[in-house]
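Everything on this sheet refers to the single structure shown next.
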Amino acid sequence: MTYVPFGKAANGPWSVEITPSLAGWTYSGLRIVDLTDTPVSFDTGDEETLVLPLSGSCTVTTSAATFELTGRPSVFSGPSDFAYVPIGSHVTLRGSGRIALPSALATRALEPRYVPADQVSVEIRGAGQATRQVNNFCAPGAFDCDKLMAVEVITPGGNWSSYPPHKHDTDNPGEAVLEEIYYFEVAGQGNAYQRVYSSERGHIDTLAEVSSGDVVLVPYGYHGPAMAAPGYDLYYLNVLAGPAEERSMAFCDDPRHAWIRSSWESQPTDPRLPFGRTS
């Protein structure tokens, strides 16, 4: 299973629940909850977890700390503040809005933490019709945790991201082995497209038409492009984790398309970006 349409991974309070066992791998997970008047509680167990408002706001209560997350109107409004909850925690969420809970199997019990939105690094990547915005809120070097990595990517309508196609599936110099989740939201009830295809690790062949709430799983293989249809801005949350001692998002481009990166040197970036602040 690679493409998971909205509703197929719903369970209990979770509109999306991607566990390692459901995905058929070991480390990466994601839950999405639409908070209303009823609090939602859960145990992190052996997974470190982020609490990331996609829209709306919430209070995060654990036995060790309480965090008030201001959140944001939507994923296209710029970065959100977020909280980190370590393994072995009981968590209660109260508030109103759509909340993402990226997670990863972990062994180190770190301190719970809060990060305000203005401390989230925003990067403009690519150029021309491959320009996209990356909110590096839980990338290596931006936020310290045990195994979990997560970033947000916003792609203006008509542009491509996750491009050139690349992979994280072989333990080579300059490449990390990672399990990756794509969770999508598309502005204006639109659609987008995501490609995943074979590498030396094995056969995989997915070209999915995705809309808000859909998920694509990448256990191995080249992935990209993520294609935003003209008129419909595209958001996706990437959740990554793997077996390496040191967190890394290192990748290997498909050699047929690696030249694309050098073409950006002569192209301007898309003036529609960034969404939200720039620092």
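Please read these numbers as outputs of a predicted model, since none were measured by experiment.
Side-chain contact between T107 and D146 is present, with at least one heavy-atom pair separated by less than 4.5 Å. Using a 4.5 Å cut-off on side-chain heavy atoms (C-beta onward), Y222 and D253 make no contact. The closest side-chain heavy-atom distance from D233 to V186 is not below 4.5 Å. Contact check for V151 versus N135: no side-chain heavy atoms found under the 4.5 Å cut-off.
A donor-acceptor pair under 3.5 Å links the side-chain atoms of R108 to the main chain of C145, judged by distance alone.
The aromatic rings of Y114 and F67 sit parallel, their planes meeting at an angle under 30°, below the 60° perpendicular limit. Classified by interplanar angle (parallel below 30°, tilted 30° to 60°, perpendicular above 60°), the ring pair Y163/W160 is perpendicular.
Counted within 6.0 Å of CD on Q267, heavy atoms from surrounding residues, nucleotides or ligands total more than 12; the atom is thus considered enclosed.
Contact detail for Y182 and E180: the closest heavy-atom pair is CE1-OE2, 3.5 Å. Contact detail for G71 and S80: the closest heavy-atom pair is CA-OG, 3.5 Å. Scanning all heavy atoms of the two residues, the minimum distance from L50 to A150 falls at CD1-CB, 4.3 Å. Taking each heavy atom of P116 and D81 in turn, the nearest pair found is CA-CB, 3.8 Å. Scanning all heavy atoms of the two residues, the minimum distance from L148 to P102 falls at CD2-O, 3.7 Å.
A chain of hydrophobic side-chain contacts below 4.5 Å, direct or via other Ile, Leu, Val, Met, Phe, Trp or Tyr residues, connects L110 to V115. I154 and Y183 end up in the same hydrophobic cluster when Ile, Leu, Val, Met, Phe, Trp and Tyr side chains are linked at under 4.5 Å.
Centroid-to-centroid, the aromatic rings of Y235 and F275 stay 6.0 Å apart or farther.
Applying the side chain to side chain contact (heavy atoms under 4.5 Å, CB included) test between E185 and each of S212, S211, S55, S74 identifies S212 as the sole match. For the pairing with P39, the side chain to side chain contact (heavy atoms under 4.5 Å, CB included) check across T92, T59, L93 returns one residue only, T92.
The distance from the SG atom of C252 to the CD atom of E200 is 7.5 Å, given to the nearest 0.5 Å. We find the OG1-CZ distance between T269 and R272 to be 11.5 Å, quoted to the nearest 0.5 Å. Between atom CG of residue N191 and atom CE of residue M227 there is a gap of 12.0 Å, rounded to the nearest 0.5 Å.
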Subject >> R72 and E152: CA distance, side-chain angles, deciding distance, salt bridge (Lys or Arg N to Asp or Glu O under 4.0 Å) verdict >> reply: CA-CA 14 Å; R72 54 188 166 181; E152 299 179 307; 2.4 Å; yes
Subject >> Working for side-chain hydrogen bond (donor to acceptor under 3.5 Å, both in side chains), residues T131 and N159 >> reply: CA-CA 7 Å; T131 311; N159 285 10; 4.7 Å; no
Original post:
Can S89 and T44 be said to form a side chain to side chain contact (heavy atoms under 4.5 Å, CB included), step by step?
Top reply: CA-CA 5 Å; S89 300; T44 61; 3.7 Å; yes
Original post:
Should H166 and H257 be marked as a ring pair (Phe, Tyr, Trp, His ring centres under 6.0 Å) after you check the CA-CA gap, both sets of side-chain angles, and the distance that decides it?
Top reply: CA-CA 9 Å; H166 59 282; H257 306 299; over 10 Å; no
**OP:** Mind running side chain to side chain contact (heavy atoms under 4.5 Å, CB included) on V60 and V85 for me, showing each step along the way?
**Re:** CA-CA 9 Å; V60 183; V85 183; 4.3 Å; yes
